[in-house]
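I have placed the structure first, in the form of structure tokens, so that the comments after it can refer back to it.
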Amino acid sequence: MPVRLPDADQDFIGPYNRLSASQVNTWKACPRLWYYEKVLRFVMPQIPILFVGRAVEEAICKTLKETPALIVGAAPADIYAETPLDANGRPDREYEQRWPAEQLLVLPESKWPMDIDSLQHWANQRVRSHLAVCLENMRIDWLKHDRKAGDWDKDVDVERCIKMALNGIKMHMSEVKACLGLVSDEELNSWRKGSREHWPAPDGRGYAMDGHPLAQTGSISLIEAWEIARPWFVDPDAKPFMMNAVHPEHWFQGEYDLVYRWGGQNKIVDIKASLGNSDRSGDYVQQMRMYAYLWWSTHDKQRIDALEIWYLAADAIKTIDVPSVQELETIGEELKALWSDLREETPSIERCPPEPAPMRSFGPGGVPSEETPNLTRCQRCDWSHVCPTGGFDKEHPDGGMYHLPGMV
Ligand code: SF4
């Protein structure tokens, strides 16, 4: 299951003291950097590019949630009503009225895409429509942020955003095509009867159904492949951070972007709205290995089948080797030890030395490169002006304040 909720009776750690992949990667990049961001809570300057990535991912997820059996390509972006949520902000398991998809009439079959190209055309229309709205919403969020930096109009390249969103749709269409050719009769029949996962892929429908309303007869249709291939992702209407996978001992958590489950195979995909040619591509590999551990530890020691990073700006998919059982055990031991060091009790600044790891080089698509990085980690660090190793050589005056970068 892509979501694993904490056990309220056993969770003595709580959501704010769990370790996450981003914390681990920050610590490994530089312990002092971790201290600044996770203990002193310095917030990095909120540049538009951070918001753009969220907009592109959200536009893709909103498109995947829809179906061309209900929605024409030119329909408004808000055609689906909001998903009903429970008190915790998750899609409501007890909701008994009509879900958003059930409030729309099924289109005549003559309006459905009849081949892969027309399905892709429909999806492209939908993602463009959603992206325009998501970008505008993010621009408003950015404007309101008290740590905003940069210039939205100059820094956001809308055409580049559209290209990334279309690339994401293209990557998903490969799954649809594969599903069309490979899905088993057993899986197809089970879907037609209305079988749902405990955490279904968000499709505007509820948790249970008696026969799928879009089921057809005979061999699998294009619409059925679109429905069956749909991955799990966080419903864009859900409250943030409510759909995490939490380790059974509660000390680690993560939130997957996409989890494909058709064909009896589980694949975790992380979406990156970037080229993948920076030091961070090294972090992403480690993030996926930690996700593989999280999956294993929340699925009775069953390994995930595949791990992928989608670099949307490079139009490239990077496949990450799934760690062996021995590697997973080692990852778990290291993570637990790190949680104990960092989160069980907050370490002092002395225990978080300014020791930056060397920068790594990657080409587009996260391909490792031999090139020497242009900048050192300290040269590109947001906190170099308050860090001794970054060049800050003054004593902080009692009662003084740091002025952090960004329009505060
Ligand atoms: S300036 Fe260098 S040493 Fe200091 S926090 Fe940043 S990366 Fe670490």
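Note that ligands are numbered from 1 as they come in the structure, with each ligand's atoms numbered from 1 the same way. Each residue takes its place number in the sequence, starting with 1. Side-chain atoms are counted along with the backbone in the values below, which use heavy atoms only and exclude waters and symmetry mates.
Taking every non-hydrogen atom of P354 and a distance limit under 4.0 Å, the qualifying atoms of ligand 1 come out as 3 (S). Atoms of ligand 1 lying under 4.0 Å from any heavy atom of T389, numbered from 1 in the order shown and given with element: 3 (S).
With a heavy-atom cut-off of 4.0 Å, C30 touches ligand 1 through its side chain alone.
Residue C387: no N/O/S atom is found under 2.8 Å from atom 6 (Fe) of ligand 1.
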In residues 22-31, what donor-acceptor pairs under 3.5 Å come from side-chain atoms, sequence neighbours left out?
| from | atom 1 | to | atom 2 | distance (Å) |
| --- | --- | --- | --- | --- |
| Q23 | OE1 | W34 | NE1 | 3.0 |
| N25 | ND2 | D283 | O | 3.1 |
| T26 | OG1 | S22 | O | 2.7 |

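Among D257, I60, L258, V269, the single residue meeting the side chain to side chain contact (heavy atoms under 4.5 Å, CB included) criterion with F233 is L258. A salt bridge (charged side-chain N to carboxylate O under 4.0 Å, His left out) with D315 is found for one member of K163, R160, K272, K170 and no other, namely K170.
Partners of E102 by side-chain hydrogen bond (donor to acceptor under 3.5 Å, both in side chains), not counting sequence neighbours: none found.
Heavy-atom proximity to atom 2 (Fe) of ligand 1, evaluated over C381, C378, P356, is greatest for C378.
Salt bridge status for D153 with R139: absent, with no side-chain N to carboxylate O gap under 4.0 Å.
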